[in-house]
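Written below as structure tokens is the structure these notes are about.
Here the structure is a predicted model, which means the values were calculated and not measured. This chain uses plain numbering: 1 for the first residue, then up along the sequence.
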Amino acid sequence: MKRLISRLMPLLLAVLLAFPTCALATDAPETYSFRDYLISQEPVTIDNDRFSMTIPAGVPYHKDAERHMLEYMEWVEEATGLSFYPEDAIFEKVQITLDQGTPFGGDFGINLEPMDMLRYPDSGFAQLHELTHTLQYRLVSVDCQPFIEGIAIVACARAAGAHGLEYLAYYIASSNYAVLQAFEREMLASGDMEEYFRSTGEGWEAYLIGFRFDTYLEAAFGESILTDILRNYRKDLQDKEGTRDCFVDSLIATTSPTVFTDFQAWYRENAGRFEEKSFAGENTDTAFFMPFLRDGFRFFESRTLCMKERLTLDFHDSHAYAQFMGCEVWGIAGSLWSEKDVTIEVFDQRGELLDAFKLVGGDTSELRYADADLIVLTGEDGTVRFQPDIEIYSPKAKEKEQKPTGE
């Protein structure tokens, strides 16, 4: 989602300017301190035997950032069968840097955006994807964007699925890469796929086509085929120049002379597996919310959650981050739907109860509570959806409403 938003930012900003929104009114706001995040006044370096990461001063980062990164590195090694420190080569420690540029990975390590240090429903996406590029480049450099982006997407989806990141696995497999434009549809249906891989595959289309092609390769030749292609190409480079044609020749030799036309035939039968699908829900007892606040564009992702008797919607660090970014915090507002009957309790950050009411299964409640910090739902097991209203965060202080309501 965050990468898609970055690509669509000019259009989205134009829409926002054309349709101005009305922020919830507030006066002197509550002050929120981070609970699960740290901020340093000086650059912070996290260094261990696997990686070295420098976090610039003033960038919020999760208190478990080191553990998360170590897990991501382990997970992509499992997903690819590769190692960041292969026995037959010597590499420096993986370097992780943060700046506002587009995330990328190379043999040195990865670069992330500061917002990648926040915990969103799709957390880990940038880290897993870029770390897969690092693994690949430490084995062999490949000048074929569709293939290497496909590897990163496939490995990221496998890692997420294997380690309980339900939303991230869904986001990768059934959302972020689902929508095709006319060029991609035509290429997949009847284009010269081999020529595309040899010469023209680049940009966002390379992600879309490469994901589908590499998925086919695993379906046709087994889960290890992507790594096998890389290893064989590395052997070929011992007596050949590393060109794009050389890589495609090596890919064909490892798979089949008809691999590209076979892929198109397979895709005609399997295109439906890449279409956008609905999300069943995150399995969690506490959903931590975090807004996207960047370059004048603001939004909350809607959350679909699987409730098991009790579910907490936690906005504490969300409020702290909004204040850190210069916004006034009003409270909690948004649309809440529940599949089953539930009791809803709303609390402020001191734990004081602001309101309690029952929501009938199948109904939607438009919540609107000043100074709210936490919502607790109890009741029957079922699906819950909550879309927070981003207007709870306003860059300008205004007069506070007299009476919050919740129905």
Can we say [X] and [Y] salt-bridge, meaning some charged N sits less than 4.0 Å from an Asp/Glu carboxylate O?
X	Y	result
Arg35	Asp373	no
Arg158	Glu78	no
Arg138	Asp107	no
Arg294	Glu113	yes
Arg198	Asp249	yes

Tyr233 versus Thr254, side-chain donor and acceptor atoms under 3.5 Å |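 Thr254 vs Tyr233: no donor-acceptor pair found between side chains.
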
Taking atom types as modelled, is there a side-chain donor on Glu366 or Ser335 under 3.5 Å from an acceptor on the other?
->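 On atom types as modelled, these side chains qualify, holding a pair under 3.5 Å.
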
Is the side chain of [X] donor-acceptor paired with the backbone N or O of [Y] at a distance under 3.5 Å, no angle test?
X	Y	answer
Gln136	Val140	yes
Asn270	Trp266	yes
Asp116	Ala126	no
Asp341	Gly361	yes
Gln323	Tyr32	yes
Thr258	Thr261	no
Gln349	Thr31	yes
Asp348	Glu352	yes
Gln264	Gly191	yes
Ser250	Cys246	no

Would you indicate whether [X], at its atom [atom1], is surrounded by more than 12 heavy atoms from other residues, nucleotides or ligands within a distance under 6.0 Å?
X	atom1	value
Glu309	CD	no
Ile90	CD1	no
Lys358	NZ	no

Would a 4.5 Å heavy-atom cut-off, applied to side chains only, mark [X] and [Y] as touching?
X	Y	value
Asp285	Arg310	no
Leu131	Met69	yes
Tyr61	Met53	no
Leu377	Leu313	yes
Tyr321	Cys327	no
Glu194	Ile252	yes
Val142	Ile151	no
His133	Glu149	yes

With rounding to the nearest 0.5 Å, note down the distance linking [atom1] in [X] to [atom2] in [Y].
X	Y	atom1	atom2	answer
Ile375	Ile344	CD1	CD1	7.5 Å
Phe84	Glu77	CZ	CD	5.5 Å
Leu311	Glu282	CG	CD	9.5 Å
Asp192	Phe260	CG	CZ	9.5 Å
Ile390	Glu301	CD1	CD	11.0 Å
Asn111	Glu130	CG	CD	8.5 Å

Side chain to side chain contact (heavy atoms under 4.5 Å, CB included) between Phe247 and Asp236: does it pass, once the steps are laid out?
-> CA-CA 9 Å; Phe247 172 74; Asp236 291 342; over 6 Å; no

Would you check, one step at a time, whether the test side chain to side chain contact (heavy atoms under 4.5 Å, CB included) holds for Asn176 with Tyr207?
-> CA-CA 10 Å; Asn176 196 47; Tyr207 291 75; over 6 Å; no

Provide the closest heavy-atom pair for [X] versus [Y] in the form atom of the first, atom of the second, distance.
X	Y	answer
Ala159	Trp75	CB-CB, 3.9 Å
Asp99	Pro114	O-CD, 3.2 Å
Cys306	Ala280	SG-O, 3.7 Å
Glu276	Ser175	OE2-OG, 3.7 Å
Ile39	Pro60	CG1-CA, 3.8 Å
Asp363	Trp337	O-CD1, 3.4 Å

For the residue pair Phe386 and Phe289, does the interplanar ring angle fall in the parallel (under 30°), tilted (30 to 60°) or perpendicular (over 60°) class?
->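 Geometry flag for Phe289 against Phe386: perpendicular rings.
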
Tyr167 and ring-ring contact (aromatic ring centres under 6.0 Å, His included): which partner among Tyr120, Phe125, Phe279?
->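 With Tyr167 as partner, ring-ring contact (aromatic ring centres under 6.0 Å, His included) holds for just one option, Phe279.
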
Qualifying residue, where the test is ring-ring contact (aromatic ring centres under 6.0 Å, His included) with Phe213 and the options are Phe197, Tyr177, Tyr196 =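 Of the listed options, the one satisfying the test is Phe197.
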
Check against side chain to side chain donor-acceptor pair (under 3.5 Å), Asn283 and Glu166 | CA-CA 8 Å; Asn283 289 290; Glu166 299 102 340; 3.2 Å; yes

Side chain to side chain contact (heavy atoms under 4.5 Å, CB included) between Met187 and Met193: does it pass, once the steps are laid out?
-> CA-CA 7 Å; Met187 178 58 64; Met193 191 63 67; 3.7 Å; yes

Start with the C-alpha gap between Phe274 and Tyr267, add the side-chain angles, then the distance that decides, and say whether side chain to side chain contact (heavy atoms under 4.5 Å, CB included) holds.
-> CA-CA 10 Å; Phe274 300 97; Tyr267 183 73; 3.7 Å; yes

Would you check, one step at a time, whether the test salt bridge (Lys or Arg N to Asp or Glu O under 4.0 Å) holds for Arg368 with Asp389?
-> CA-CA 9 Å; Arg368 188 178 174 87; Asp389 184 349; 5.5 Å; no

Please walk me through it: do His319 and Tyr393 pass ring-ring contact (aromatic ring centres under 6.0 Å, His included)?
-> CA-CA 8 Å; His319 290 352; Tyr393 301 142; 5.6 Å; yes

